[in-house]
Amino acid sequence: MAQLLVYSDEVRDALKASLPVVALESTIITHGMPFPRNVETARFVEADIRSQGAVPATIAIMDGKIHVGLSDADLDRLAQAENVMKCSRADLTFALSTGQYGATTVAATMMAAHLAGLKVFATGGIGGVHKGAEETFDISADLDELGRTPVCVVSAGAKALLDIPKTLEVLETKGVPVIAFGTDELPAFWSRSSGLPAPYRLDTAAEIGALLKMRAQFPDHGGVLIANPVPEAEEIARPEMSEFIDAALAKADAQNIRGKDVTPYVLGAIFELTEGRSLETNIALVRNNARLAARIAAELV
Ligand code: PSU
Ligand code: MN
C-alpha cells in the first residue's frame with residue numbers, strides 16, 4: 001500500500017515534523033469549477049491553509065499512484081486536462097490499475113487521506129441523497145465513506161441540490177456526528193440556512209478537536225462531518241437559491257442526466273442560471289472551510 005502513495009516534499013516533511021496537514025479533494029477542481037477559476041481557487045485554498053500554519057495536501061490519481069500533495073505544475077495539468085475520471089470509492093482501483101488520470105471525490109479523498117495518516121480534510125459540500133432517490137437509488141458514496149473512514153470532513157453542509165433531510169437521516173444511520181460550526185441551523189452550501197436544525201453545534205476549533213480526540217478512542221470509528229456556513233457577505237439566500245436549484249434540476253431531468261454526471265451537470269447549470277454568482281459563493285465557502293480545517297488540524301498535533 002505504501003508504494004501506492006507519492007507524497008510531495010512539503011507534505012512528507014510536515015508529517016515527519018508532526019505539523020498540521022489538511023487534505024484537499026480534486027474533483028472540485030476538475031468537475032466542480034470551470035478553468036481557470038478552478039486552479040486559481042485551488043491555489044487560494046492552499047494559501048489559506050498555509051496562512052493558518054498548516055500544510056495543504058491536494059490528492060489526485062496520476063500514473064497509477066495516489067498523489068498526496070501536488071506541485072504547482074501538477075495542479076495546472078490537472079485543472080486543464082480533459083477526460084479526467086471522477087473517482088469515488090468504486091472508481092479508485094480502476095483509475096490506479098489502468099494508469100488513468102483521476103480526480104478524487106470526498107469519498108476517495110477520505111480513503112487516501114486515511115492511508116496517508118491525515119485526519120482533517122476540507123471541501124465545499126459533500127455528496128448525499130439526491131432528490132428522487134426513492135426512484136433512482138442515487139445516494140453518494142460520500143455518506144458510506146463518512147460512516148467507515150476516520151477523517152474529519154469540513155464542509156459547508158451537503159450541496160443544496162440534494163435532499164437534505166434524507167441526507168441527514170442516512171448520516172445518522174451510519175453513525176456520523178454532524179456538527180454545525182457557530183450556528184444552530186444546518187447550513188446549505190450556497191445559503192447559510194437550510195431550515196433544518198443541526199444535530200449538534202460547536203463554536204471553536206478546540207471544541208471540535210476535543211470531540212475528534214474522544215471519537216478516536218473508539219475502535220472502528222468513522223468520520224465526522226463539520227458544516228461551516230458560508231460567510232454572510234457571500235451567501236445566496238435560500239429563497240433565491242431554491243429557484244435556481246429547481247430550474248437546474250429540471251434541466252438535468254429534461255436532458256436525462258444520470259448517475260455520477262448529475263452533480264457536475266447541475267453545478268454547471270446553476271453557474272449559468274446565477275450568471276456566475278454561484279461560483280463566487282462556492283469559492284468563498286471552500287476557502288472558509290480550508291481555514292477552519294487548518295485550525296482543527298492544529299488541535300490534533
Ligand atoms: N462540492 C463542490 N463541488 C464538487 C463536489 C463537491 O463544491 O464538485 C464533488 C465532491 O467531490 C463530491 C462529489 O464528493 O461532488 C459528489 O458526487 P456524487 O454525488 O456523484 O457522489
Ligand atoms: Mn450518485
Side-chain angles (χ1 to χ4, degrees), residues 23-35 37-38 41-42 44-45 58-61 78-79 84-92 95 102-113 121-147 149 151 153-164 166-167 170-171 187-191 223 225-228 230 234 236 241 245 248-249 252 257-271 274 278-290 293:
L24 296 164
E25 63 155 306
S26 42
T27 296
I28 190 167
I29 302 173
T30 55
H31 293 72
M33 293 182 187
F35 180 81
R37 298 303 298 282
N38 58 352
T41 303
F44 278 138
V45 167
T58 302
I59 291 176
I61 310 303
L78 186 74
V84 183
M85 274 181 74
K86 176 180 162 187
C87 291
S88 193
R89 172 173 273 269
D91 315 292
L92 196 58
T104 51
T105 64
V106 168
T109 306
M110 287 181 77
M111 290 173 72
F121 159 27
T123 183
I126 62 159
V129 181
H130 283 263
K131 290 183 180 164
E134 57 274 31
E135 287 288 323
T136 61
F137 275 43
D138 190 353
I139 301 175
S140 176
D142 292 355
L143 299 184
D144 211 48
E145 205 62 45
L146 276 161
T149 301
V151 170
V153 179
V154 182
S155 70
K159 276 184 295 264
L161 52 107
L162 300 164
D163 186 324
I164 298 182
K166 287 197 183 74
T167 299
V170 173
L171 285 166
F189 200 68
W190 299 280
S191 317
L225 181 64
I226 307 298
N228 184 27
V230 62
E234 269 108 0
I236 305 178
M241 199 59 221
I245 292 169
L249 288 173
I257 309 292
R258 293 284 175 268
K260 48 198 290 192
D261 297 332
V262 171
T263 301
Y265 181 91
V266 174
L267 289 176
I270 290 175
F271 172 77
T274 60
S278 65
L279 179 61
E280 302 312 319
T281 303
N282 199 342
I283 293 169
L285 66 85
V286 177
R287 296 187 62 180
N288 192 43
N289 294 342

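Atoms within each ligand, like the ligands themselves, are counted from 1 in listed order. When a residue number appears, it is its place in the shown sequence, counting from 1.
A donor-acceptor pair under 3.5 Å is absent between the side-chain atoms of Asp163 and the main chain of His130, judged by distance alone. In this structure, Thr149 contributes its side chain and Val151 its backbone to no donor-acceptor pair below 3.5 Å. Side-chain atoms of Asp91 come within 3.5 Å of backbone N or O of Ser88 as a donor-acceptor pair. Side chain of Thr274 to main chain of Ser278: a donor-acceptor pair is present (N/O by atom type, distance under 3.5 Å, no hydrogens or angles). No donor-acceptor distance shorter than 3.5 angstrom exists from the side chain of Lys86 to the backbone of Ala103, with no hydrogens or angles considered.
The protein heavy-atom contact nearest to atom 1 (N) of ligand 1 is Gly125 O, 3.0 Å. The protein heavy-atom contact nearest to atom 6 (C) of ligand 1 is Lys159 NZ, 2.7 Å. What sits closest to atom 21 (O) of ligand 1 on the protein, heavy atoms only, is Ser140 OG, 2.7 Å. Looking only at protein heavy atoms, the nearest one to atom 19 (O) of ligand 1 is Thr263 OG1, 3.0 Å.
Ligand 1 has no N or O atom lying under 3.5 Å from any N or O atom of Gly127, backbone or side chain. At a 3.5 angstrom cut-off on N or O pairs, His31 does not count as close to ligand 1. Considering both main-chain and side-chain atoms, Glu25 comes within under 3.5 Å of ligand 1 through a nitrogen or oxygen pair. In terms of polar-atom proximity, Thr104 is not counted as a contact of ligand 1, lacking any N or O under 3.5 Å from an N or O of the ligand. Geometrically, ligand 1 and Phe189 share no nitrogen or oxygen pair separated by less than 3.5 Å.
Under 4.0 Å is where a charged nitrogen must lie from a carboxylate oxygen, and between Arg37 and Glu280 at least one such pair does.
Atoms of ligand 1 found under 4.0 Å from any heavy atom of His130 (numbered from 1 in listed order, with element): 19 (O). Using a 4.0 Å cut-off to heavy atoms of Asn282, the atoms of ligand 1 that qualify are 7 (O). Every atom of ligand 1 is numbered from 1 in the order shown, and the set under 4.0 Å from a heavy atom of Gly32 is 8 (O). Interface atoms of ligand 1 facing Ile28, defined by a heavy-atom separation under 4.0 Å, are 2 (C), 3 (N), 7 (O), 8 (O).
Restricting Asp138 to its N, O or S atoms, the one at the least distance from the Mn ion (ligand 2) is OD1.
For the pair Thr109 and Glu145, the minimum side-chain heavy-atom distance is 4.5 Å or more. Ile245 has its side chain within reach of Trp190: a pair of non-hydrogen atoms, C-beta onward, lies under 4.5 Å apart. Using a 4.5 Å heavy-atom cutoff, the side chains of Ile59 and Glu25 are not in contact.
We find the OG1-NZ distance between Thr136 and Lys131 to be 13.0 Å, quoted to the nearest 0.5 Å.
Contact annotation: Asp138 has no heavy atom less than 4.0 Å from any atom of ligand 1. Residue Ser88 places every heavy atom at 4.0 Å or more from ligand 1. The shortest heavy-atom distance from Lys86 to ligand 1 is under 4.0 Å.
Heavy-atom minimum distance, Ile164 versus Ala158: CD1-O, 4.1 Å.
Under 4.0 angstrom from ligand 1, the non-hydrogen atoms of Leu267 all belong to its side chain. Contacts between Val106 and ligand 1 below 4.0 angstrom, taking non-hydrogen atoms only, involve backbone and side chain alike. Contact annotation for Asp142 and ligand 1: only side-chain heavy atoms (C-beta onward) come within less than 4.0 Å of the ligand.
Within 6.0 Å of CD on Glu134 lie more than 12 heavy atoms contributed by other residues, nucleotides or ligands.
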